Every structure is written in structure tokens, then in C-alpha cells.
Amino acid sequence: MATTQPETYLEDLNPAQREAVLTTEGPLLVVAGAGSGKTRVLTRRIAHLLAAVGAKPPEILAITFTNKAAAEMRERLEDLVGPPARAAWVMTFHAASGRILRREAPRLGYRTNFTIYDSADQLRLVKRCLEELDRDPKRFTPRGIHSQISNAKNQLIGPAEYASRVSSFYDQTVADVYELYQQKLFSSNAVDFDDMLYLAVDVLERFPEAAEKWQSAFRYILVDEYQDTNHAQYRLLRILSAKHENVFCVGDPDQSVYSFRSADIRNVLDFEKDFPGAKTLTLDQNYRSTNAILESANTVIRHNRERKDKNLWSELGDGEPVRVVEVEDEHAEARYVAAEIALLVEQGYSGSEVAVFYRTNAQSRVLEDVLVRQGVAYQVIGGPRFYERAEVKDLVAYLQVIDNPYDAVSLVRIANRPRRGIGDSTLARLQSYADGQGISLWEATEFAEEAGVGAAPQKAVRAFRTIIESCMSGALELEVPELIERVLEQSGTIAALEAERTIEADGRIENLQELVSDQDAIRGEGSLVTLMTLHNAKGLEFRAVFLIGLEEGIFPHSRSIEEHGVEEERRLCYVGMTRAMEKLTLLHASSRMLYGGRSYNLASRFLDELPEQWVERDQLRPASWSNYGAPKGSVATRENVPTLSAGDSVRHGTLGEGVVLRLEAGGVAVVRFASDGSERRLMLDYAPLEKI
DNA sequence: ACTCATCGATTTTTT
DNA sequence: ATCGATGAGT
């Protein structure tokens with residue numbers, strides 16, 4: 001740290017960026033357009049605080065939304081200032097709130113080892129409440145009720161206040177569930193994700209001595225993606241910054257795409273009002289995209305009414321026009337994208353420099369089919385996540401019960417997993433016995449007989465207790481990886497999965513092993529084309545970007561047209577477009593399969609909003625079957641298609657070297673690749689294959 | 001307690 | 001089309 005000099009961390013900053021780094025005192029809002037170097041500003045600012053302002057690492061609180069963003073920031077910071085950076089609080093809102101809450105929980109009657117319930121746990125708990133209140137599950141879906149409760153917490157509206165504002169029978173049910181739900185959380189010594197913020201704010205607002213402690217601790221607070229903050233997060237910032245008043249928020253209102261999870265754009269728009277004496281800076285020089293891309297994105301976003309005008313510019317030249325392509329249907333769309341990717345790879349692009357974005361996850365399917373067939377190596381970002389996979393959640397639930405046996409949701413989850421003969425009726429008997437005796441479900445498992453449980457399940461319950469108790473004693477003496485192994489072994493999880501003898505079960509075992517073994521080894525595959533939703537694309541950049549499904553009803557999505565209005569969808573479009581550095585292609589299909597039927601959608605309104613002088617439009621009509629879906633003006637089939645036979649060695653543009661196993665009808669070669677041992681079916685006309 | 005069939009919904013996502 | 005949840009049957 002001592003060796004970090006201002007000239008090192010300031011030299012490659014433009015004047016606006018420099019000012020954002022150097023204005024350390026007082027509230028500061030930085031409106032940072034796409035690609036304007038905001039992460040750079042954030043890390044340099046922390047470096048500056050440490051090196052020149054004399055702040056100590058633990059006095060800095062830098063907040064992000066995702067763990068990934070936090071990890072990246074920590075890494076970049078450590079590169080810049082070295083190991084002392086590790087003592088700074090660089091973490092997510094939830095992690096920071098959680099850390100505060102662990103210390104302050106006793107003030108609210110929670111114990112410090114409270115369990116954190118994720119959204120699946122929350123849903124299960126809501127369901128239990130609904131059953132207990134005996135409400136019609138058709139009218140009151142757990143999902144709908146939970147989303148109301150979650151929104152309420154994000155607005156810092158507690159059960160009592162919610163109940164006082166009820167204006168319909170539905171609301172009344174939500175209010176009743178909300179109250180019961182909180183009671184159940186409390187008696188399980190558990191908090192849900194929303195509570196982490198809600199309760200952190202609550203404890204700081206109600207206990208001034210607690211607030212004072214944390215306010216003094218954080219001399220400098222920095223917030224990334226400020227446009228995504230909700231009211232609870234905003235209030236947390238207000239409290240934490242009240243003493244030193246050094247809040248630095250970076251965000252781009254044009255990239256606010258999370259209103260559905262209570263993000264409130266007013267936090268950005270009202271910043272100067274909320275934080276007296278605040279200054280605002282704008283970063284509008286873009287270091288990522290060509291003018292064609294930037295002007296197109298600027299022109300689209302200018303159609304939003306609720307917006308502060310801002311105009312991104314760059315010095316990277318005009319570049320190629322943005323391409324708008326109409327295709328026949330989703331299959332032609334996928335084929336076009338795959339063929340274009342093959343061309344790009346031939347031109348020297350790496351697969352990892354190319355991305356395809358779509359509005360909804362379901363759209364990846366057809367694309368994946370075609371990419372697999374054409375041998376384009378890809379990765380899909382998003383979808384079901386590692387920690388949400390059932391087997392991983394089961395394991396985590398075991399660990400939670402071992403640490404906090406009052407955690408009834410986790411206990412119910414694992415009681416019969418793997419199957420050991422503890423069914424719903426057994427659990428229901430235990431639960432009602434527990435309720436009657438005023439004890440926890442875990443304690444009730446000791447009195448299975450008294451609870452009226454039959455003979456066979458009694459034995460199962462006793463066996464289950466033995467498993468948990470054995471793991472509890474293991475928890476005292478073992479390291480985490482060994483404990484996990486003991487849990488997997490004692491619980492019979494591994495044995496049950498092995499007995500299944502299916503590919504799926506093998507995958508689950510692998511997932512569990514992955515959790516125990518080195519986290520870094522997750523995968524380091526080479527040059528993969530990236531497929532993801534527009535929401536996941538935020539913050540990333542690619543040399544070439546394909547945005548598919550630009551049709552009314554798809555994007556903008558019909559649900560948003562009905563509900564939130566179309567401006568957030570337009571911002572999403574803006575986010576997608578501004579990810580592209582050099583090449584941007586926007587596609588729409590004349591028709592596509594939707595919900596089991598074929599629908600004919602108009603081209604997206606966003607396509608009408610593009611500046612014609614920066615755009616080139618292609619319409620692809622199938623001239624013949626063989627050329628169906630091939631890009632106009634370019635021959636998708638390559639000129640020198642290699643003549644191959646089984647046993648030949650080949651090299652693929654993205655997959656590397658492999659051996660031809662056999663040839664199939666329709667010009668398909670089955671190739672096994674050396675890099676990962678995978679077997680793929682490649683269409684010779686398209687796949688970038690050469691004989692070696 | 002577990003297996004299979006029918007019904008209904010179906011945007012986006014993090015913690 | 002597809003997935004998940006619920007309910008009847010074994």
C-alpha cells in the first residue's frame with residue numbers, strides 16, 4: 001500500500017474519472033454510462049482513500065449486488081494496493097447486513113447463529129402458513145403471497161404496518177400470512193434474505209448505540225450499481241453514512257432493469273435531495289463500442305420519457321453498421337446465428353468474444369440444439385444455479401440442522417432425504433405434538449411414541465436422530481470438508497445416489513464432490529461462445545453480440561407491456577446493445593413457437609427506433625431449402641469443405657483437435673475431441689473443421 | 001409411502 | 001412444448 005502512488009492509479013483516468021476518484025469527502029453520485037470505466041473508478045478511488053487520504057482498510061465499505069462482483073472488486077483492489085485490501089469491507093448488501101446482524105441479532109431476540117432461508121425455503125414456509133390458516137391454495141398461491149411479503153420487506157413495511165394498510169381480502173390474507181410467517185421464522189431462529197436488510201435497518205434505527213458503532217466504523221462507503229438499490233438498501237446507506245457522510249454511489253439510470261425485485265430508480269434521481277450537499281458527476285466517454293453501436297443504443301434509449309438525458313460518445317471510430325435481420329422462424333434464427341459465429345471464428349474471433357442474448361431463458365433451447373449440431377462450443381450462463389440444485393440444498397440443510405436444530409424448514413427438508421420412511425404423516429404428528437408441548441420439531445423427534453407415530457416410522461425417526469447427533473458431535477471436532485463427508489456418508493445420501501445407477505445420480509454425486517473439493521477447479525474450459533439472458537449480460541462486454549427474438553410480445557415482453565410499462569424493457573435493450581464492442585446483430589423472426597402454438601409477432605418497436613444511418617437491414621427469405629436460413633451476401637457453406645473419413649485427425653475452430661469416429665448421413669461427422677473427450681456431431685458444411 | 005397421470009402456468013434474478 | 005405441482009391408484 002505504501003508503494004501505491006497517485007501517479008500510478010490516476011495516470012490512465014480521464015478528467016471526469018479523476019474527479020470521481022479525488023472527490024472523497026461528502027456525498028457523491030457518479031452517473032456512469034455503459035462502458036465508461038466505472039469499475040476502474042471504484043477501485044482507484046479505494047486505492048486513493050488508502051494511499052493518500054489515510055483511510056484504514058476496515059473503514060471502507062464497498063458494496064455490490066452479487067458475490068461475483070464483490071469477488072472481482074476484491075481481486076482488482078488487491079492487484080492495485082496489495083494484501084491490506086483484504087481488510088476492507090468489499091461485499092454484497094446482504095453480506096454486509098448479515099455481518100451487522102450477526103452482531104446485533106440478540107437485540108431483536110434472535111440468536112447469533114440464526115439460519116438464513118433462501119427463496120425456496122421462504123416459499124415452503126409461506127405454504128405452511130397458508131395451510132395453517134386454511135386458505136384456498138388456488139386463490140392464494142405461495143409464490144404470489146411470498147412476492148408481496150418480499151416487496152413489503154424491501155419497502156421496510158412490517159407485518160403490523162402491512163395489516164393496517166389492507167384494502168382487499170387478498171391483502172388481508174397476505175397480512176395474516178406475513179404475521180404468521182415472521183413468527184415462524186422467529187421461532188426457528190431464522191431470517192430470510194429480505195430480513196437481512198429489513199432487520200439490519202430495524203436494529204440500527206431502533207438502537208442508537210448500535211447505529212453509532214457502525215456509523216463510526218465506516219468512514220467511506222461506496223456503492224456499485226446504485227440504480228438497482230431498493231428502499232431498504234437505501235435506508236441502510238442513509239443510516240450507515242449519517243456520521244461521516246462520505247457516500248459514493250455509482251450507477252446508470254438507463255441500466256435500471258430490476259424494478260421487479262423492488263429496485264427503485266428514485267434512489268438515483270433523488271440522490272441530491274436525499275443526501276444534502278451531494279455532488280453529481282457524469283461519465284459519458286465510452287471505451288468499449290464503435291459509434292454505430294453507441295449511436296444506435298443512444299437513439300433507442302432516447303425514446304424513454306422518464307429519463308435524464310445523457311449521450312455516450314467514443315473515440316473508437318464509426319465501425320460497421322448495426323445489422324437488423326429478419327428470419328422466418330426461431331430455427332432459421334438459430335441457424336443464422338450459428339453460421340455467423342462460424343464465420344466470425346474463421347475471421348479470427350475467439351468463441352469467448354462472441355455472445356448471444358435473449359429475453360427469456362426458454363429461447364436458449366433451439367439455439368443450443370443448432371449449436372451442438374454445428375459443433376460450436378458454448379456455455380449457457382444462468383438457469384438453475386449450483387446452490388439451488390436439490391442435492392446441494394439437501395446437504396446445506398443437513399449442515400444447518402446440525403448447527404441450528406431449531407431450523408424447522410431445513411429439518412423437514414432432510415427428515416426423509418434420502419428416503420428412510422419418515423413420511424408426511426409422521427412429520428405432521430411430530431409437528432402437532434411439538435406445537436402442543438411448546439417445543440421445537442427437533443425436540444419432538446425424541447418423543448415419537450408420545451406423538452402417536454406408528455412403530456415402523458418410530459424406528460426411522462430414532463435412526464434419523466442418531467444420524468444428526470453423530471454429525472453434531474462431528475461438527476465439534478472435524479473440519480468442514482470432513483464434516484461434509486461424514487454427513488453424506490451417515491445420512492446415506494451417497495449410498496442412495498449410487499444405488500440409483502443413473503447418469504443423473506452420477507451428476508449429483510459429482511456436484512457434491514465439487515462442493516467438498518477445490519472450489520477453484522470448477523471449470524476452466526477454453527473458448528466458449530456465451531449464451532445468456534439480457535439481464536445476465538449487464539456489466540459484460542463482447543466483440544460480437546447477437547440479440548435474438550426482437551419481436552413484440554417477446555421483447556418487449558408481453559408481461560412487461562401489461563405491467564411495468566415498456567421503458568424498463570427499453571433499458572434492457574440498451575444494456576444488451578451496449579455490450580457489443582465491434583459487431584452488433586439484432587434478429588427477429590416472422591413467427592415462432594410459443595406456448596405450444598405458432599405465433600406471428602411484429603418486429604419489436606425497438607427496431608423501429610434505430611437510427612437508419614447507422615443500420616443495415618436484411619430480410620432473409622428462404623430461396624431454397626438448402627440455403628434456408630443462410631445469411632444473405634455471405635455463403636454460409638464454406639468453400640473448402642474437407643473430405644473426411646473415419647479415423648482422420650481434424651482441428652476445429654473452437655474445440656481444438658479431435659478424431660473422426662464415423663460419418664453419418666446428411667454430411668455429419670461424429671468427432672471425439674481431445675481437449676475434453678467429448679463426442680460431437682458436426683455438420684461438415686458449417687463446422688469450422690480442417691483435416692490435419 | 002411411492003408411482004404415474006393430469007392440469008395449469010409460462011419474464012427477467014440476487015441474496 | 002415443457003415443467004412442476006397435485007391427486008388418484010398400487
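Note that the coordinates shown come from a computational prediction; the quantities given were computed from them, not determined experimentally. Every chain is numbered from 1 and lettered A, B, ... according to where its sequence line falls, protein lines coming before strand lines.
Residues that satisfy the side chain to side chain donor-acceptor pair (under 3.5 Å) test with Tyr162(A), not counting sequence neighbours, are Gln148(A). Taking the salt bridge (Lys or Arg N to Asp or Glu O under 4.0 Å) definition, one finds that Asp121(A) meets it with Arg124(A), Lys393(A), sequence neighbours left out. Partners of Glu205(A) according to the salt bridge (Lys or Arg N to Asp or Glu O under 4.0 Å) rule, which considers only residues two or more places apart in sequence or in another chain, are Arg235(A). Partners of Phe260(A) under the ring pair (Phe, Tyr, Trp, His ring centres under 6.0 Å) rule, at least two apart in sequence or in another chain, are Tyr258(A), His535(A). Take Phe93(A) and apply the ring pair (Phe, Tyr, Trp, His ring centres under 6.0 Å) test, not counting sequence neighbours, and it matches Phe65(A). Annotation: salt bridge (Lys or Arg N to Asp or Glu O under 4.0 Å) contacts of Arg305(A) (sequence neighbours excluded): none. Taking the salt bridge (Lys or Arg N to Asp or Glu O under 4.0 Å) definition, one finds that Glu609(A) meets it with Arg570(A), sequence neighbours left out.
One atom, CE of Met532(A), and another, P of dT13(B), lie 11 Å apart when rounded to the nearest Å. Residue Arg143(A) contributes atom CZ, which lies 17 Å from atom P of dC3(C) at whole-angstrom precision. Atoms CD (Gln255(A)) and P (dT12(B)) sit 20 Å apart, rounded to a whole Å. In this structure, the OH atom of Tyr198(A) is 23 Å from the P atom of dT15(B), given to the nearest Å.
At a threshold of 4.0 angstrom between heavy atoms, the contacts of Phe65(A) are confined to the sugar-phosphate backbone, with no base atom among them. Within the 4.0 angstrom heavy-atom criterion, only backbone atoms of the sugar-phosphate kind lie near Asn67(A); the bases stay farther away. Lys538(A) comes within 4.0 angstrom of no nucleic acid atom, judged by non-hydrogen atoms across all strands. The residue Asp192(A) sits apart from the nucleic acid: no heavy atom pair falls under 4.0 Å. Across all strands shown, Asp228(A) has no heavy atoms under 4.0 Å from either base or sugar-phosphate atoms.
At a cut-off of 3.5 angstrom, the base of dT11(B) holds no donor-acceptor pair with the side chain of His557(A).
Residue ring and nucleobase are stacked for Phe260(A) and dT12(B), with a centre distance beneath 5.5 angstrom and an angle between planes beneath 30°.
The backbone N or O of Gly35(A) lies less than 3.5 Å from no partner atom in the side chain of Glu541(A), so there is not a single donor-acceptor pair.
Proximity of residues 567-576 of chain A to DNA chain B (heavy atom under 4.0 angstrom from any strand atom) is not detected for any residue.
Checking Arg359(A) against Thr92(A), the closest nucleotide of DNA chain B that is more toward the 5' end is the one next to Arg359(A).
Counting heavy atoms from C-beta on, the side chains of Ile60(A) and Leu222(A) come closer than 4.5 Å.
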Polar atom pairs (N or O), protein with nucleotides 1-4 of chain B, under 3.5 Å:
residue: dA1(B); atom: OP1; partner: Gly423(A); partner atom: N; Å: 3.3
residue: dA1(B); atom: OP1; partner: Asp424(A); partner atom: N; Å: 3.3
residue: dA1(B); atom: OP2; partner: Gly423(A); partner atom: N; Å: 3.0
residue: dT3(B); atom: OP2; partner: Arg419(A); partner atom: NH1; Å: 3.2

